[in-house]
Amino acid sequence: MEQITDTSIDFRACPVRNVLGRFSDKWSMLVLMGIHESKTGILRFSDLKRRIPDCSQKMLSQTLKNLERNHLVNRRQYPEVPPRVEYSLTDTGKSLMPPVNALVEWALDHFNDVVGNS
């Protein structure tokens, strides 16, 4: 593979880097997969919390806000007491799921190669 040595290239403008940076944190993929794999494609906060029990409430809330801000998740709040909030994937979020599923399959196939006994 050829090494890039052109110092005039601005890697901060790289579309791949900028897009992947929006949802490549520790929890975003799990949230996206959780919503996608739900029977209705809609989950409430408490449902997501049950699916990802090791994610703190604060981190789950921040992750959902980030995914909503980046147009991957819809947030719908109903005018009820107590308020009911549901999360679903946007069309953009749905279009992301085939490559995410392929990555998950790859990770399962190569887990021992990559993680091994480290």
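Computed from heavy atoms alone, side chains included, the values below leave out hydrogens, waters and symmetry copies.
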- Query: Atom CG in Asp109, atom CD in Glu105: separation rounded to 0.5 Å?
  - Reply: 7.0 Å

- Query: Does Leu108 have any side-chain contact (heavy atoms from CB on, under 4.5 Å) partners at least two apart in sequence or in another chain, and if so, which?
  - Reply: Val104

- Task: Let me see the working for Val85 and Phe45 under side chain to side chain contact (heavy atoms under 4.5 Å, CB included), right down to the final yes or no.
- Result: CA-CA 7 Å; Val85 179; Phe45 186 92; over 6 Å; no

- Task: Go through the steps for Leu64 and Leu48 under the test side chain to side chain contact (heavy atoms under 4.5 Å, CB included), then give the verdict.
- Result: CA-CA 10 Å; Leu64 285 163; Leu48 280 164; 3.8 Å; yes

Would you give me the side-chain donor-acceptor pairs under 3.5 Å for residues 34-42, sequence neighbours excluded?
{"unit_1": "Ser38", "atom_1": "OG", "unit_2": "Ile35", "atom_2": "O", "d": "2.8"}
{"unit_1": "Ser38", "atom_1": "OG", "unit_2": "Gly41", "atom_2": "N", "d": "3.0"}
{"unit_1": "Ser38", "atom_1": "OG", "unit_2": "Ile42", "atom_2": "N", "d": "3.3"}
{"unit_1": "Thr40", "atom_1": "OG1", "unit_2": "Ile42", "atom_2": "N", "d": "3.2"}
{"unit_1": "Thr40", "atom_1": "OG1", "unit_2": "Ile42", "atom_2": "O", "d": "3.1"}

- Message: Among residues at least two apart in sequence or on other chains, which ones pass side-chain contact (heavy atoms from CB on, under 4.5 Å) with Val16?
- Response: Cys14, Leu20

- Exam field: side chain Lys49 to backbone Arg44, donor-acceptor pair closer than 3.5 Å: no

- Task: Can you tell me which residue pairs pass the salt bridge (Lys or Arg N to Asp or Glu O under 4.0 Å) test with a partner in residues 62-79, sequence neighbours excluded?
- Result: none

- Not counting sequence neighbours, list each pair that qualifies as a ring-ring contact (aromatic ring centres under 6.0 Å, His included) and has a residue in residues 65-108. Trp106-His110

- Message: Quick one, Leu89 with Leu72, criterion side chain to side chain contact (heavy atoms under 4.5 Å, CB included). Give me CA distance, side-chain angles, the key distance, then yes/no.
- Response: CA-CA 6 Å; Leu89 297 180; Leu72 298 171; 5.9 Å; no

- Same cluster for Val19 and Leu103 if Ile/Leu/Val/Met/Phe/Trp/Tyr side chains link at under 4.5 Å? no

- Query: Does a sphere of radius 6.0 Å around CD in Gln77 hold more than 12 heavy atoms from other residues, nucleotides or ligands, not counting ones at 6.0 Å or beyond?
  - Reply: yes

- Item | Where at least one partner belongs to residues 89-100, residue pairs that pass side chain to side chain donor-acceptor pair (under 3.5 Å), sequence neighbours excluded | none

- Please report the closest heavy-atom contact between Val100 and Met33, naming both atoms and the distance. CG1-SD, 3.4 Å

- Item | Which residues share a salt bridge (charged side-chain N to carboxylate O under 4.0 Å, His left out) with Glu80, sequence neighbours left out | Arg84

- Task: Nearest 0.5 Å please: distance from the CG atom of Leu67 over to the CG atom of Leu96.
- Result: 9.5 Å

- Item | Pair listing, side chain to side chain donor-acceptor pair (under 3.5 Å) test, anchored in residues 19-30, at least two apart | Arg22-Asn70, Asp25-Ser28

